[in-house]
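Convention: sequence-line order gives letters A, B, ...; per-chain numbering from 1.
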Protein chains: 2
Amino acid sequence: MWHMVRQSTEVVRERVLNAAADLFDRYGVHAVGLQRVIDEVGCGKYMLYREFPSKDDLIVAYLRRSCQYWDQTLDSTRATTTRPEEQLIELVRTVSRQVPGTRGCPLRNTYAEFPEHDHPARQVALEHFSLVRQQLGDIARQTGAPEPDRLAERILLIINGLYSPGHTAGPEDMSEISVTLARDIVAVETGKHPTRDQSGQRAEAR
Amino acid sequence: MWHMVRQSTEVVRERVLNAAADLFDRYGVHAVGLQRVIDEVGCGKYMLYREFPSKDDLIVAYLRRSCQYWDQTLDSTRATTTRPEEQLIELVRTVSRQVPGTRGCPLRNTYAEFPEHDHPARQVALEHFSLVRQQLGDIARQTGAPEPDRLAERILLIINGLYSPGHTAGPEDMSEISVTLARDIVAVETGKHPTRDQSGQRAEAR
DNA sequence: ATGGTAGCAGACCGATCGGTCTTGTGTTGT
DNA sequence: ACAACACAAGACCGATCGGTCTGCTACCAT
């Protein structure tokens, strides 16, 4: 009945999304035109607009994928240890490792690029921020800390700080600095011996 | 000899810069066209281009002014107390108070908007980041903390976190959370009794 | 009063944006 | 072999970008 599709839509969709995500990550959403995406993919406009009827649709797909990446990061982090205290610290470590060399967090950057309150990109980003807050809250609660919400907010503050633009300009040992800070925070909040014992270093050597 | 200028160039320059700064702050540099600035000011293009020969010049002026604001913030913070420990905490408090309702830090946002390494805006922003790092380092050193650089980086991490886009989406007591965290950090780093004594609240109630 | 000029308004320019439509070509199933 | 189809290429559209240029108006010193 059908004349057999040359390219399955999923394949095209994936190729377009890959190229767009790469360009968006590197140059920002506003700065990248769809023509550039098309040139990168090597397809016609026809295909792109079949998969993503508008640029906003493409942006939303890009952000949703970024959300998935975060979820994967969180899951794999959770898998490394069962202790919730270590999970929080490990999360900070992971973020601090994957930030250098990038422009930061796609969701945060894109959120900043679209101040119009009704833009679909903001919706996705806000949902994500809310989810992250909830996820951190869950882990923090498992630690048995007396004030889990404050613990979660503190860790989130560090993670946001790591994603901050221009942070790369700092010393290259941001990983150690942020991880040891997270460790101190967790220690203070869980009451498990907060005092600094000078052993901040712990083979953090990136 | 001259037919008397109707508007002194300084006045025009200031009015243009005011309008541009307001729009850039609210909508982002890329999203604001010069026509919109002109409409806001109520002057002709002639005047704008006489003061700022190109948009980049306007952007740079906007960023330099933002740097001045920061310097003022820092100075007034320093003036509130002579104790360097309190200065760091007060700085965090100030930032946490002025962030809500804004789009964050103009310098950080604009830096994120221009990934091209040779853009003049990046130059200004990078200089600022470097200066801030140095300023925080100076104060941290005055505390006599054994590792002042780490203390400074920790405080900077919090400040960057506060400026993070989408942070406004969080609870409204970010001020208290960040300030108490800063307090804990300073206590830990200076060795002055790190243990949490539950008295995080201190009439922080915005 | 009048000539000269500062400055606002807006036409205008080429480039580029997101998005649509056409055209030519190469593959496919029959 | 041939008709049907999918696709890449790109012309095209209106809007808007940064930036230039030109009138017209209103004010000024003389």
For this session: Run the numbers on B/Tyr62 and B/Asp25 for side-chain hydrogen bond (donor to acceptor under 3.5 Å, both in side chains), then give the verdict.
Result: CA-CA 10 Å; B/Tyr62 160 63; B/Asp25 280 339; 2.6 Å; yes
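- The side chain of B/Lys55 has D/dG18 as its nearest neighbour among D/dA8, C/dG19, D/dG18.
- Summarising the geometry, the separation between OH on B/Tyr49 and C1' on C/dG7 is reported as 17 Å, rounded to the nearest angstrom.
- Contact annotation: side chain of B/Lys45 to base of D/dG19, donor-acceptor pair present below 3.5 Å.
- Residue A/Val37 is out of contact with every strand shown, counting any heavy-atom pair closer than 4.0 Å.
- The CD-C1' distance, from B/Gln35 to D/dG18, rounds to 11 Å in whole Å.
- Here A/Arg50 reaches the OP1 or OP2 of D/dC7: one of its side-chain N or O atoms lies under 4.0 Å away.
- Distance B/Leu58 CG to D/dG18 C1': 12 Å, rounded to the nearest Å.
- With distances taken from any side-chain atom of A/Met47 to the nucleotides D/dC7, C/dG7, D/dG19, the minimum falls on D/dC7.
- Spacing between atom NE2 of A/His30 and atom P of D/dG18 amounts to 12 Å, rounded to whole angstrom units.
- Closest to the side chain of A/Tyr46, out of C/dG19, D/dG18, D/dA8, is D/dA8.
- DNA chain C is contacted by both A/Leu34 and B/Gly44; B/Gly44 maps to the nucleotide lying nearer its 5′ end (nearest heavy atom per residue).
- Between the P atom of D/dC17 and the CG atom of B/Leu23 lies a distance of 12 Å, rounded to the nearest Å.
- Between B/Tyr111 and B/Phe129, the ring-plane angle classifies as perpendicular under the 30° and 60° cut-offs.
- Take the nearest nucleotide of DNA chain C for A/Ala31 and for A/Pro53: the residue whose nucleotide is more 5' is A/Ala31.
- We find that CD1 of A/Ile38 is positioned 10 Å from C1' of D/dA9, with the value rounded to whole Å.
- One can place CD1 of A/Ile59 at 14 Å from C1' of C/dG19, the figure rounded to the nearest angstrom.
- Environment of CD in B/Gln123: sparse, with no more than 12 heavy atoms of neighbouring residues, nucleotides or ligands closer than 6.0 Å.
- Salt bridge absent: A/Glu10 and A/Arg13 never bring a charged side-chain N and a carboxylate O closer than 4.0 Å.
- With hydrogens and angles left out, the side-chain atoms of A/Gln35 and A/Asp39 include a donor and acceptor closer than 3.5 Å.
- The distance between atom CD of B/Glu51 and atom P of C/dA6, rounded to the nearest whole Å, is 15 Å.
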